[in-house]
Amino acid sequence: MTSVNSDKLSSARFAEATDAFVEVFTASVGFDKRMAQQDIQGSTAHAVMLCACGILTEQERDAIVGGLVQIGEEIASGKFAWSIKQEDVHMNIEARLTDLIGVAGKKLHTGRSRNDQVATDIRLYLRSEIVQITAQITRLQTAILDLAEQNADTIMPGFTHLQVAQPITFGHHLMAWFEMLARDRERLRDCSGRINVMPLGAAALAGTSYPIDRNLTAELLGFSGPSANSLDSVSDRDFAIEFTAAASLIMMHLSRFSEELVLWSSAQFDFIDMPDAFCTGSSIMPQKKNPDVPELVRGKSGRVTGHLMSLLMLMKGQPLAYNKDNQEDKEPLFDTVDTLINCLRAYADMVPHIRAKKENMYGSAKRGFATATDLADYLVRKGMAFRDAHEVVGLAVRLGLASGRDLSELSLVELQQFSVLVAEDVFDYLTLEGSVAARKHVGGTAPDTVRSAIQLARKRLMS
Ligand code: ARG
């Protein structure tokens with residue numbers, strides 16, 4: 001008895017052909033063909049292991065491995081004929097293998113299932129993408145360090161509530177970006193460890209009755225070892241969620257950087273010059289230079305966080321073990337990888353060309369009474385209680401506001417009317433330079449401290 005869908009690999013049980021729309025609706029090859037090389041890599045290791053365990057002959061193994069090499073080449077050169085009749089990447093490759101080598105091709109699926117196969121493919125795919133993503137993070141961190149180095153002495157206002165708070169150096173501000181990315185890199189490394197566990201051998205859900213050697217397959221594929229529970233192996237997508245969570249955090253960081261670049265490049269702040277090559281003009285307003293790249297990156301961060309929510313919702317209602325729902329994991333995951341790599345790349349290309357407008361940054365810090373805390377600290381050092389000093393400085397700021405002057409522009413006599421503790425040396429503390437130079441403890445904004453932090457960061461990047 002032949003089946004109604006004789007061109008399909010899994011159809012003998014059916015008396016009716018698959019509905020034409022259902023065939024399209026359930027197919028995943030349109031997107032999961034992206035994992036073709038990983039699928040071939042997994043199948044090759046599986047065949048080698050089956051032979052080592054006496055389940056395939058050497059001839060069968062060699063025919064399979066040779067066929068898979070050819071298929072890999074057909075796919076790489078764009079000659080492979082993908083078909084939705086074969087549903088997904090796994091069945092397309094297996095069907096082609098059987099076309100090429102005959103009956104040995106039909107033996108490849110011995111002791112495995114698409115359920116452990118797909119879980120393995122995704123892990124292999126993510127493992128290699130994380131290497132690319134980490135390389136882009138390193139490029140961006142290096143660009144940030146270089147810009148920070150050029151601006152270790154550049155004074156700008158630091159903000160809280162987006163109101164001028166205290167003077168800082170631009171280099172210090174940039175090093176805050178560096179730290180966010182350093183944590184991102186750690187998170188990816190940490191999640192790689194959990195990705196690098198091998199599901200193959202779990203088969204459909206219960207394992208297989210063939211005498212397979214999962215340690216060997218794991219070793220051949222560079223996994224740290226086989227997974228511990230077959231049911232968990234085929235149904236677990238925690239690793240994809242974890243990765244997407246790490247990606248969402250990276251995108252959130254890029255979005256925060258973007259917000260600052262957009263603000264700083266506006267006429268109102270005018271702190272930086274954005275490279276023309278990363279901006280666009282307006283179709284109607286000739287004067288415009290819009291910071292499109294940061295804006296787009298800020299916009300795309302929502303998309304990646306959306307994918308994180310999709311994956312969490314995808315998993316929350318699923319009983320053990322594999323369910324077809326899981327096929328929905330790939331598009332959010334692939335789009336997360338693409339979006340993340342593109343945004344990191346755009347940033348790594350753009351950051352080296354950002355120029356600080358040092359005078360504007362300085363002028364802005366000067367206008368905002370940024371050294372008010374320094375005056376309070378000065379009075380405390382002379383013996384006043386901090387709360388009283390806070391009050392005194394408030395009065396001095398009021399005088400400055402009323403007369404349109406910074407604290408450093410008030411006269412000694414004027415300052416002394418608020419406290420007799422004020423002496424000539426007060427002006428050493430009221431300057432922006434004095435204020436930043438005083439913050440020279442670990443993690444502080446003093447130019448020399450920033451230079452040491454940059455040096456240390458360069459070493460951390462190597463490790
Ligand atoms: N295309 C499927 C997926 O992406 C592969 C696994 C299918 N397994 C199954 N029993 N239908 O998840």
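Note: hydrogens, waters and symmetry copies are ignored here, and every other heavy atom, side chains too, is used. Note that ligands are numbered from 1 as they come in the structure, with each ligand's atoms numbered from 1 the same way.
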In this structure, OH of Tyr210 is separated from CG of Leu56 (nearest 0.5 Å) by 10.0 Å
Could you list the atoms of ligand 1 found under 4.0 angstrom from a heavy atom of [X]?
{"X": "Asp88", "result": "1 (N), 2 (C), 5 (C)"}
{"X": "Gln327", "result": "1 (N), 2 (C), 3 (C), 4 (O), 12 (O)"}
{"X": "Ser28", "result": "1 (N)"}

Using a plain distance cutoff, I'd like to know if [X] has any nitrogen or oxygen under 3.5 Å from a nitrogen or oxygen of ligand 1.
{"X": "Asn115", "answer": "yes"}
{"X": "Glu87", "answer": "no"}
{"X": "Tyr322", "answer": "yes"}

Asn326 versus Gln318: any side-chain heavy-atom pair under 4.5 Å? yes
Among Thr244, Val131, Asp121, Ile195, whose side-chain contact (heavy atoms from CB on, under 4.5 Å) with Leu126 holds? Ile195
Residue list, ring-ring contact (aromatic ring centres under 6.0 Å, His included) with Phe239, at least two apart or on another chain: none
Listed by chain and number, what are the salt bridge (charged side-chain N to carboxylate O under 4.0 Å, His left out) partners of Asp238, not counting sequence neighbours? none
Say whether Lys330 and ligand 1 are in contact under the criterion: heavy-atom distance to a ligand atom below 4.0 Å. yes
Which residue and heavy atom of the protein sit nearest atom 11 (N) of ligand 1, plus the separation: Arg114 NH2, 3.5 Å
Face-on cation placement of Arg127 at Phe223 ring, 6.0 Å and 45° thresholds: yes
